[in-house]
J.: 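Submitted below is the structure of interest, expressed as structure tokens.
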Amino acid sequence: MDSQTSQSSQASQSPHTFQVDLRGLVDLLSHHLYSSPRVYLRELLQNAVDAITARRAEQPDAPARVRLYAEGGTLRVEDSGVGLTEADVHNLLATIGRSSKRADPGGIQEARSEFLGQFGIGLLACFVVAERIRVVSRSARTPDAPPVEWTAADDGSYTVRTLPAEARPEPGTTVHLVARPGAGEWLTEERVLALARDFGSLLPYDVRVGDEAVTDLPAPWNRPYPSPATRRVALQRHCHDLFGFTPLDSIDLDVPLAGIRGVAYVLPSSVSPAQRASHRVHLKGMLLTERAEQLLPDWAFFVRCVLDTDSLRPTASRESLYEDETLAAVREALGERIRSWLTGLAAGDPERLAAFLSVHHLGVKSLARHDREMLRTMLPWLPFETTDGQLSLEEFAQRHPVVHFTRTVEEYRQVAPIASAQGVGVVNGGYTYDSELIEALPSVRPGTVVAELDADTVTAHLDTVDPAEELALSAFLGAARVRLDPLGCDVVLRAFHPLSVPALHLDDRAARHEQARAEAAEQADDLWAGILGSLRGSAPRARLVLNHLNPLIRRISSLDDPELIGTATESLYGQALLMAQRPLRPADSALLNRAFIGLLEWATHSDPTEPTEDGRR
């Protein structure tokens, strides 16, 4: 009994072979692994090129031809490659996932790096567009072996048989495809030619669709040209044909140690740094992807690349690059090429650099944040918005002993006109990367003083009013302060230029944070109000600076009616907020509306002493 139980247990543990539903697998490939059915042609070209590469490893003088013929919903692909024996067919074509590059069926070790295919999916991808595949092949390694035919259907069945010698006189392989219903357009001659040129224009062998040549060698960046100007025009044409734009310039990408040769084209218009750039990458001549996003550093979003490589690894779908140490090293090397190009322009071609920076200064600023040498090189060229106009930081620092800057565009708009009139130079650091670069200025320009401009600094540069005059206006200032106190804003009187500015709204981030905290505390329940109250800071409040030199302020300050003074003050406050282009809180919007209606009532009312609708006089 124990012996029988043991035998039964052993039998139940014997291994089983997975059964594969080929139609389900094809559906998985077409909807999840591959982005489009178009990759079927790449797989056919890839297998043909690999077969030729394998044969030439043993017979260097062997022919290197790939011919494609499309007609009536069928496609025939012929190559002069190494071919297969019947045993090879059973081992390679009929076993999903096995690759001829993994083993050495002919007894000769072959370096995987010489082949395009690395994953052994092979002809399976053709079932995405074909319902039947027929392969006729003759081995160059075993010349006496007869030709062999392998025929497979998309239901997973296949047959293998040998053929008479005359069925395939020369070594090589022919693949026949019959389109599946609804996929006939992928096997038309026009579509096959377009796909073959897209995928195989840089392949090292003679590839043709019918009589039309597919390969176009050498690559445009490798061709000899009579002059640099001729080369520049040829590369511009190539970029326009490939990417649809005429570049500002082209940058050679030559990294011999990584087996990379290509070109980067500089975009003629600005793009968002958040927009992922797509580049075209060829692997040993075969187009791998036209959407390689991780090829360059993030800061190099102003170029589009096309290159050929023999070192980078593709993913299983062979439509993107595998993120590894090699790719990281290549990314750094290509970034260095672009960095060198920028440095060369700064040293020898300032006009082209200025034209480039007028479009792509944001990308260079992004690079300069982390590269002090690049910041030092670009210092005389990178544009910044300042109270003196568009200037480089170098030129601005030469004009002003202290480089004042604001961290936001709103703060800059508040203080720029006033600071400029007082002789205080200010740089707008509110744009992307600018404040970081301004703060880094002393590290590349020793002795430079950089200071953030706040409300106190601006107020300190405004002229004070004669104490006697300010005392005479105490009633006016008191009424104005009472009206703005609920909004968390003080009122001060100063004399400043330009005279046309009646009032200036000044605050800083600390004041805005305190204002936001107070608003939240008013709307919170007792528990949160207590917590928020404990966080109350000692930061100065926002302030409305009234210009004593302005004629309107002088007329308002002479009023006797506190209500009219309050309404006028609210109007000045709202106008100052709008001039600074600050976002309005609900309380600010309500104030503006109330002040506008109040002024209309005062302007149109026949008897100023008669109460208005809200009871005011």
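Just so it is clear, the model here is predicted, and its values are computed rather than measured.
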J.: Any idea which heavy atoms bring Val427 and Leu393 closest together, and the distance?
T.: CG1-CD2, 4.4 Å
J.: Under 4.0 Å between a Lys/Arg side-chain N and an Asp/Glu carboxylate O for Asp216 and Arg223?
T.: yes
J.: Roughly how far, to the nearest 0.5 Å, is the CG atom of Leu572 from the CG atom of Leu546?
T.: 6.5 Å
J.: So does Asp308 get a backbone contact from the side chain of His282, meaning a donor-acceptor N/O pair under 3.5 Å?
T.: no
J.: Would you say that Pro247 contacts Phe245 through its side chain, given a criterion of any heavy-atom pair below 4.5 Å between the two side chains?
T.: yes
J.: State whether Asp388 and Arg399 are salt-bridged, where the test is any N-O pair (Lys NZ or Arg NE/NH1/NH2 against Asp/Glu carboxylate O) under 4.0 Å.
T.: yes
J.: Please name the pair of heavy atoms, one in Gln575 and one in Pro502, separated by the smallest distance, quoted to 0.1 Å.
T.: OE1-CG, 4.1 Å
J.: Can you name the nearest heavy-atom pair linking Leu217 to Pro204, along with the distance?
T.: CD1-CA, 3.8 Å
J.: May I ask you to check whether Arg261 and Asn222 show a side-chain donor-acceptor distance below 3.5 Å?
T.: yes
J.: With the side chain counted from C-beta on, respond yes when Val192 and Leu195 share a heavy-atom pair under 4.5 Å apart, and no when they do not.
T.: no
J.: Between the side chains of Tyr412 and Thr387, is a donor N or O closer than 3.5 angstrom to an acceptor N or O?
T.: no
J.: Taking the six-membered ring for Trp, are the ring centroids of Phe356 and Phe302 within less than 6.0 Å of each other?
T.: yes
J.: Is Arg494 reaching over with its side chain to a backbone N or O of Val545, donor-acceptor style, under 3.5 angstrom?
T.: no
J.: Donor-acceptor pair, His279 side chain versus Leu296 backbone, under 3.5 Å?
T.: no
J.: So, Asn547 side chain and Ala503 main chain: donor-acceptor pair closer than 3.5 Å or not?
T.: no
J.: Can you confirm whether Glu452 sits close enough to His404 that some side-chain heavy atom of one is under 4.5 Å from a side-chain heavy atom of the other?
T.: no
J.: Rounded to the nearest 0.5 Å, what separates atom CZ in Arg445 from atom CD in Glu394?
T.: 4.5 Å
J.: Once rounded to the nearest 0.5 Å, what's the spacing between atom CH2 of Trp299 and atom CG of Asp371?
T.: 8.5 Å
J.: Report yes if some heavy atom in the side chain of Val491 is under 4.5 Å from a heavy atom in the side chain of Arg543; otherwise report no.
T.: no
J.: Please report the shortest heavy-atom distance between His240 and Thr246, naming the atom on each side.
T.: CD2-OG1, 3.7 Å
J.: Please say which of Leu253, Thr309, Val281 ends up in a side chain to side chain contact (heavy atoms under 4.5 Å, CB included) with Leu295.
T.: Val281
J.: Under 6.0 Å from the six-membered ring centre of Tyr431 and within 45° of its axis: does the NZ or CZ of Lys365 meet both?
T.: no
J.: In terms of heavy-atom contacts, does CZ of Phe596 have more than 12 from other residues, nucleotides or ligands at under 6.0 Å?
T.: no
J.: Check whether any side-chain heavy atom of Val207 sits under 4.5 Å from a side-chain heavy atom of Thr215, and report yes or no.
T.: yes
J.: For the residue pair Val306 and Val263, establish whether any side-chain heavy-atom pair is separated by less than 4.5 Å.
T.: yes
J.: Between Ser443 and Arg372, is there a side-chain donor-acceptor contact under 3.5 Å, judged purely by atom types and distance?
T.: yes
J.: If we count only N and O atoms by modelled type, under 3.5 Å, do the side chains of Ser340 and Thr343 hold a donor and an acceptor together?
T.: no
J.: Do His505 and Tyr573 make the cut of ring centroids closer than 6.0 angstrom?
T.: yes
J.: To the nearest 0.5 Å, what is the distance between CG on Leu375 and CG on Leu382?
T.: 7.5 Å
J.: Roughly how far apart are Leu283 CG and Arg313 CZ, rounded to 0.5 Å?
T.: 12.0 Å
J.: Give a yes or no on whether the backbone of Leu362 and the side-chain of Ser366 come within a donor-acceptor separation of less than 3.5 Å.
T.: no
J.: Minimum heavy-atom separation for Gly574 to Leu591, with atom names?
T.: N-CD2, 4.2 Å
J.: Hey, is Glu373 close enough to Arg376 for a salt bridge, meaning N to O under 4.0 Å?
T.: yes
J.: Run the salt bridge (charged side-chain N to carboxylate O under 4.0 Å, His left out) check on Glu410 and Arg413 step by step: do they pass?
T.: CA-CA 5 Å; Glu410 290 79 9; Arg413 287 169 178 164; 5.3 Å; no
J.: Minimum heavy-atom separation for Ala495 and Leu549, please, with both atom names.
T.: CB-CG, 3.7 Å
J.: Any side-chain heavy atom of Thr448 sitting closer than 4.5 Å to one from Val402?
T.: no
J.: Hey, can you tell me if His238 and Tyr265 have their rings parallel, tilted or perpendicular (30° and 60° cut-offs)?
T.: tilted
J.: Is it true that Arg407 and Glu411 make a salt bridge, defined as a side-chain N closer than 4.0 Å to a carboxylate O?
T.: no
J.: Ion pair present between Arg38 and Asp198, side-chain N to carboxylate O less than 4.0 angstrom?
T.: yes
J.: Between CG of Leu353 and CH2 of Trp381, what distance do you get to the nearest 0.5 Å?
T.: 6.0 Å
J.: Take atom CD of Gln390 as the centre, draw a 6.0 Å sphere, and report whether it contains more than 12 heavy atoms from other residues, nucleotides or ligands.
T.: yes
J.: List the steps and the verdict of side chain to side chain contact (heavy atoms under 4.5 Å, CB included) for Val450 and Phe405.
T.: CA-CA 8 Å; Val450 173; Phe405 74 98; 3.6 Å; yes
J.: Does Arg231 pair with Asp252 as a salt bridge, N-O distance under 4.0 Å?
T.: yes
